[in-house]
S.K.: 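The structure is given below, and queries will be raised subsequently.
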Amino acid sequence: MAIDIPRIPLGDWIENGLNWLTTEYSNVTRGIADVTVASIDWLNDVLMWLPPGVLLVIIAGLCWWIANYRLAIGAAAGLALIWNMGLWIPMIETLTLVVIATLVAVVIALPVGIAAALSERLYKLIMPILDFMQTMPAFVYLIPAIPFFGIGSMSAIFATVIFSMPPAIRFTTLGIRQVPGELIEAADSYGATRTQKLFKVQLPMSLPTVMAGINQTIMLALSMVVIAAMIGASGLGSEVWRAIQRLRPGDGFEAGIAVVILAMLLDRLTQSLRKKRKE
Amino acid sequence: MQDTKRNVKIRVRNLSKVFGKHPKKALEMRDQGLNRSEIFDKTGQTLGLSNVNFDVYEGELLVIMGLSGSGKSTLIRCLNRLIEPSEGEIVIDDEDITTLGDKALRESRRRHFSMVFQNFALFPHRTVRQNTEFGLEIRGIDKAKRAEIAANALKQVGLDGWEDAYPSQLSGGMQQRVGLARALANDATVLLMDEAFSALDPLIRGDMQEELQELQSRMQKTTVFITHDLDEALNIADRIILLKDGEIVQIGTPEDILTNPADDYVKRFVEGVDMSRILTAEHAMRKVRAVARDTDGPRTTLRKMHENNIDSIYVTRRDRTLQGLAEVDAVIKAADEGKDTIEGTLTQDFRTVGPDEPLQNLFSMFSEKSFPIAVVDADKRLLGVVVKGAVLDQLAQAQAGENE
């Protein structure tokens, strides 16, 4: 005997919710989109206005300054290879998306992370949401992005921000919570206000951990930006995407290698930044 | 001196602290006569402090001593409300701290309390100077003034030249000096020291105790010092409060505690110190740094005093028989009057003991006079002197030896 349990229309609810959001808040989303797209265009223009050779030297110099000569040489070689493969423009587009998405993610994540560290209630509320955000397959974010923002780089940013934000929040919360109780007591005993405690003790002390979170965010953003090629974000991802469609493994690997170079460069650079701060 | 000491700085009345969600219930049970462990069994709540009453006098160094779990850390944290008391009042300069709102409490903490912590609690991202300035920065004192005060405080603890180092570059002893400098720079009226020297190795610890006493006698800062170590308590305290299971067992001077333990608990605590019956004046005696001869003129005597940085000096004959004690005022007067010798200016107002006198008996002799006790042999020849600190040191050492 078949038991007839009605199917729970979870998907319908979510769709209705999203529709409602798109219609009710289209002004807001449009506004956000305009600002974001403008900044993407601006950053793209600046980076592309510079001749590749000049930008390469600047980046290598930055690596030298922040890290060491080895990273500078590696960066120069890697970027030269990308340039040589004719992937310079897509690389810049990808870099721009990563930078903007990371900025947005960090700007949202820091206050949320701080709030969650200071309020037990908020912590309990936010942690499951973060779990949800991180374990939901990344592609799924692309779908609601389209009705909100249409095809293109804005949707890519939206999905990327959601996907890459959790570690920045988590690490910020962790960093603040890790500050030893005795130091909090010390600050309290000298009559520090909450704000003084936050800016003079908790935040500076959690900075290395926060930086580790930002590093993670950058890495996740890079991986998502590549996937976002599926909804029309241009860059290295779309090179890979095109290679798949045309079944050209050589092109695919070339674009893939460019992604790897960019990832390693960003990773080493932010890690060195963290170590430098420690000293 | 005694009179200024009687000014009450902090008055603690009926202070209790319950760790748990329903402190009222636990306190009711306490009032019905249940003890700490019964209350814990019935309610799962811990009675951290129960009905604690004491005064802290202006300018004194009060040591709160007890074993771990006796509630001493809770007590010191109740004073500045790092831990919220469950009942009772804590009045500092006519202000009941327990009733203050957030803002007033912060103000009160800034004005009244500087705290030094067991594990230093220095901010690792701040330099020695920035750590020292912390309290001032919090109070919004301007940069130049801050730097000046911090430099001064660091000098007092012997850390000038280390301003730009980070705490991790310093040894434990030096880190705690920074902790102390941070507290001194703040210039609050009360210094709270929570097991401040317990994490240091014994040698450094002795040095720090000495320095604290020296600072304390110079600045007359009201100090509440927590320790689990009897030696330390005896060494530095003006008065000791003995705490057990969250209740006060005895309040008294080190001498009181040693000679009249209030109950068996205190007696057991100080048992090792009973070595004092065996120890004699000879053990605590030290060679006299300088004596004057009865034939010396006032100016020679003054120079001897000046060179040795003392303001009274024992006077002997050539064969070292003790003639009396010359006090600086009397000698100056003799010099002004143009006298040839100091013979007529001597006072006999000091204590002499034989080398076999038990140390126990020496305590009471120190109570009023600050002169060292003279130790003489049967022929009244001066063998040496005993100063107050040496008695306690000897007792403390004997106790430590017995514990091993």
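Sequence lines set the chain letters: A, B, ... in the order given, protein chains first and strands last, and positions in each chain run from 1.
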S.K.: Side-chain contact test, heavy atoms from C-beta onward, threshold under 4.5 Å: evaluate it for A/P204 versus B/F123 and give yes or no.
M.R.: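 No, their side chains stay 4.5 Å or more apart.
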
S.K.: Less than 4.5 Å apart, any side-chain heavy atom of B/F117 and any of A/E185?
M.R.: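 When only atoms from C-beta onward are counted, A/E185 and B/F117 do touch, with a gap below 4.5 Å.
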
S.K.: Are there over 12 heavy-atom neighbours, none belonging to B/D142, within less than 6.0 Å of that residue's CG?
M.R.: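 Enclosed.
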
S.K.: Any chance CZ of A/R177 has more than 12 other-residue heavy atoms, nucleotides or ligands included, within less than 6.0 Å?
M.R.: yes

S.K.: Consider side-chain contact (heavy atoms from CB on, under 4.5 Å). Of B/H125, B/Q130, B/R126, which one does A/K200 pass it with?
M.R.: B/R126

S.K.: Crowded around A/M264 CE? As in, over 12 foreign heavy atoms under 6.0 Å?
M.R.: no

S.K.: With a 4.5 angstrom heavy-atom cut-off, could you sort out which part of B/A183 is near chain A: side chain, backbone, both or neither?
M.R.: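 Contact with chain A involves both backbone and side-chain atoms of B/A183.
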
S.K.: A quick test of your reading: do over 12 heavy atoms of other residues, nucleotides or ligands sit less than 6.0 Å from CZ of B/R218?
M.R.: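 Yes, CZ of B/R218 has more than 12 neighbouring heavy atoms, counting only those of other groups under 6.0 Å.
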
S.K.: What's the spacing between B/L79 CG and A/S189 OG if we round to 0.5 Å?
M.R.: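 Interatomic distance, B/L79 CG to A/S189 OG, rounded to 0.5 Å: 12.0 Å.
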
S.K.: Could you pull out the closest heavy-atom pair between B/R182 and A/A186, with the gap in Å?
M.R.: NH2-CB, 4.1 Å

S.K.: Nearest 0.5 angstrom please: A/I184 CD1 to B/L82 CG, how far?
M.R.: 11.5 Å

S.K.: Highest number of heavy-atom pairs under 4.5 Å with chain A: which of B/R139, B/R77, B/R81?
M.R.: B/R77

S.K.: Please round to the nearest 0.5 Å and tell me the distance separating atom CD of A/E182 and atom CG of B/D194.
M.R.: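 Between atom CD of A/E182 and atom CG of B/D194 there are 7.5 Å.
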
S.K.: Nearest heavy-atom pair of A/L183 and B/P124: which atoms, and what distance?
M.R.: CD1-CD, 3.8 Å

S.K.: Kindly give the heavy-atom pair with the smallest separation between B/R106 and A/T193, and that separation in Å.
M.R.: NE-CG2, 3.2 Å

S.K.: Which one of B/Q118, B/R109, B/K103, B/E137 has the most heavy-atom pairs closer than 4.5 Å to chain A?
M.R.: B/R109

S.K.: Could you have a look at B/N119, B/L122, B/V116 and say which one has the most heavy-atom pairs with chain A under 4.5 angstrom?
M.R.: B/N119

S.K.: When only pairs under 4.5 Å are counted, which of B/F113, B/F134, B/F120 shares the most heavy-atom pairs with chain A?
M.R.: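 Looking at each option in turn, the highest pair count goes to B/F134.
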
